[in-house]
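Each remark here refers to the structure printed beneath this line.
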2 protein chains.
Amino acid sequence: MKQDFTPIECCDQVEIHEPLLKIVSDQLPPEDELYDLAELFKIFGDSTRIRILFVLFEAEVCVCDLASALNMTQSAISHQLRILKQSQLVKARREGKQVFYSLADDHVRTIISQGLEHVEE
Amino acid sequence: MKQDFTPIECCDQVEIHEPLLKIVSDQLPPEDELYDLAELFKIFGDSTRIRILFVLFEAEVCVCDLASALNMTQSAISHQLRILKQSQLVKARREGKQVFYSLADDHVRTIISQGLEHVEE
DNA sequence: TGAACATATGAACGATTGTTCATATGATGG
DNA sequence: CCATCATATGAACAATCGTTCATATGTTCA
């Protein structure tokens, strides 16, 4: 998005180009919403985080169990949990020394299962 | 995913840990499916590609019009279209000098609108 | 209070990503 | 065939990302 906006006709086809620009400006969600949307999908775009979410589909789990279940270091899991929490996909509850994580809401399930459908074709 | 798997009890809580490992191995999709899933979401995790898809929600559009509508260089758009096409999210149709792109199927719409719902809260 | 355990976090590193620039490929019309 | 337009692509670069390592914070129990 470096280039300045210039309403130049493209492809020498003024009659296609003009209504297109109108459609785009009418239908495109605002810039910050598009950014947030991309940001959300970016979270799902890592298989460690996906695996964490799949475990949380089944149960509320502490960091240490997540690490051992997914066979990764506590640190790596903790870093990823922070990202998931910041994006409101996951919530944390402390119980003594341990912190238990669970899904923040059910959108996550829906989004991921839609993705799975596409992948499984 | 560097660490070797060792079935060590975690958090000194054998009674929690054991069934968890079972759940994980029973419910977790196979490794390659999780990878594909993450790979799919990675595609949506860029606002340029999201914007391209939003335009394609409305119409079949040639590269050059996409570039001017989204105010980006033809090269940048073309690179991104290649990624979208490789992931089967978009298909291409040549008509003379121009190449028109459109959505490959309707999963894309569903996935993105699910994402939007989450973001708009 | 101090040792032991669970979790969080900052810095550093290699790996991946998106854009730009230059150029190649492909199609059309003269 | 050649010039021109539309698109594709490879190399290069800065920016971002995920993991590791070392260490800090927070909690429990003796």
Side-chain angles (χ1 to χ4, degrees), chain A residues 1-4 8-14 16-17 34-35 38-52 60-87 90-101, chain B residues 1-4 8-14 16-17 34-35 38-52 60-87 90-101:
Chain A
M1 292 217 295
K2 295 286 178 55
Q3 199 177 282
D4 269 350
I8 297 167
E9 289 77 26
C10 178
C11 309
D12 294 337
Q13 303 215 1
V14 186
I16 290 185
H17 187 60
L34 290 174
Y35 180 82
E39 222 50 31
L40 174 69
F41 284 123
K42 213 171 283 180
I43 307 290
F44 295 108
D46 174 76
S47 62
T48 296
R49 288 190 291 266
I50 291 268
R51 284 157 77 227
I52 290 177
E60 187 188 47
V61 183
C62 69
V63 179
C64 167
D65 278 0
L66 265 173
S68 99
L70 298 180
N71 197 27
M72 298 193 61
T73 64
Q74 174 269 319
S75 179
I77 295 293
S78 195
H79 277 297
Q80 298 304 341
L81 283 171
R82 188 162 55 88
I83 292 173
L84 289 168
K85 197 170 146 198
Q86 281 171 347
S87 318
V90 138
K91 58 179 190 277
R93 176 179 66 86
R94 183 176 274 276
E95 188 177 314
K97 281 182 286 189
Q98 302 178 63
V99 177
F100 288 84
Y101 284 83
Chain B
M1 292 216 298
K2 294 286 179 54
Q3 200 177 281
D4 269 347
I8 297 167
E9 291 78 23
C10 177
C11 311
D12 294 337
Q13 303 216 359
V14 187
I16 290 186
H17 188 61
L34 290 174
Y35 180 81
E39 222 51 32
L40 174 68
F41 285 123
K42 214 171 280 180
I43 307 291
F44 295 110
D46 174 76
S47 62
T48 296
R49 289 192 290 268
I50 291 268
R51 285 157 77 226
I52 290 177
E60 188 188 46
V61 181
C62 70
V63 180
C64 166
D65 278 359
L66 265 174
S68 98
L70 298 180
N71 197 28
M72 299 192 62
T73 65
Q74 174 269 320
S75 180
I77 295 293
S78 196
H79 277 296
Q80 299 304 341
L81 283 171
R82 186 161 58 88
I83 292 173
L84 289 167
K85 196 171 147 198
Q86 280 172 346
S87 317
V90 138
K91 57 178 191 277
R93 176 180 65 84
R94 183 175 273 277
E95 188 177 312
K97 281 181 286 189
Q98 302 178 63
V99 177
F100 287 84
Y101 284 83

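Every chain is numbered from 1, with letters handed out A, B, ... down the list of sequences. None of the values given here were measured: they were computed from a predicted structure.
Counting distance only, with no hydrogens placed and no angle test, the side-chain atoms of His79(B) and the base atoms of dT20(C) include a donor-acceptor pair under 3.5 Å. For dA8(C), its base sits under 3.5 Å from the side chain of Gln74(A) at one donor and acceptor pair at least. You won't find any donor-acceptor pair under 3.5 Å spanning the side chain of Thr73(A) and the base of dC21(D), going by distance alone. Side chain Gln98(B) to base dA27(C): no donor-acceptor pair is found below 3.5 Å.
Nearest heavy-atom pair across Leu70(B) and Arg51(B) is O-NH2, 3.0 Å. Summarising the geometry of Ile77(A) relative to Ala67(A), their closest heavy-atom pair is CG1-CA, 3.7 Å, with the distance given to 0.1 Å. A pairwise comparison of heavy atoms in Tyr101(A) and Val63(A) identifies CE1-CG2, 3.5 Å as the closest pair.
For the pair Ile83(B) CD1 and dT16(C) C1', the interatomic distance rounds to 11 Å; values are reported in whole Å. Distance Lys42(A) NZ to dC17(D) C1': 10 Å, rounded to the nearest Å. Going from atom CG of Leu70(A) over to atom C1' of dG18(D) covers 15 Å, rounded to whole Å. Between Phe41(A) atom CZ and dT17(C) atom P the separation is 18 Å, expressed in whole Å. Here dA8(C) presents its P atom at 13 Å from CZ of Arg93(A), a figure rounded to the nearest Å. The nearest whole Å value for the distance from the CG atom in Asn71(B) to the P atom in dT20(C) is 10 Å. We find that CD of Gln86(B) is positioned 9 Å from P of dT9(D), with the value rounded to whole Å. Atom NZ in Lys91(A) sits roughly 18 Å away from atom P in dT7(C) (whole-Å rounding).
Contact check, Ser78(B) against dA6(D): no side-chain N or O comes under 4.0 Å of OP1 or OP2. Phosphate proximity of dA8(D) to Tyr101(B): present, with a side-chain N or O under 4.0 Å from OP1 or OP2. At dT7(D), none of the side-chain N or O atoms of Arg94(B) fall inside 4.0 Å of OP1 or OP2 (strictly under the cut-off). Put simply, Arg49(B) has a side-chain N or O that comes within less than 4.0 Å of OP1 or OP2 on dG18(C).
When the nucleotides dT19(C), dT9(C), dT7(D) are ranked by their closest atom to the side chain of Met72(B), dT19(C) comes out on top. For Lys97(A), whose side chain is taken as the heavy atoms from C-beta onward, the closest listed nucleotide among dT28(D), dG10(C), dT7(D) is dT28(D). Among the nucleotides dT20(C), dT7(C), dT20(D), the one closest to any side-chain atom of Ala76(A) is dT20(D). Each of dG18(C), dA8(C), dT7(D) was ranked by its minimum atom distance to the side chain of Asp46(B); first place goes to dG18(C).
Nearest-nucleotide mapping onto DNA chain D: of Ile43(A) and Gly96(A), the residue sitting toward the 5' end is Ile43(A). Both Ser75(B) and Glu39(A) lie near DNA chain D, and the one whose nearest nucleotide falls closer to the 5' end is Ser75(B).
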Derivation and outcome, side chain to side chain contact (heavy atoms under 4.5 Å, CB included), residues Ile83(A) and Asp46(A): CA-CA 11 Å; Ile83(A) 292 173; Asp46(A) 174 76; over 6 Å; no
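Annotation: side chain of Leu81(A) is in contact with side chain of Leu66(A) (closest heavy-atom distance under 4.5 Å). When side chains are defined from C-beta on, Gln80(B) does not count as touching Met72(B), because their heavy atoms never get closer than 4.5 Å.
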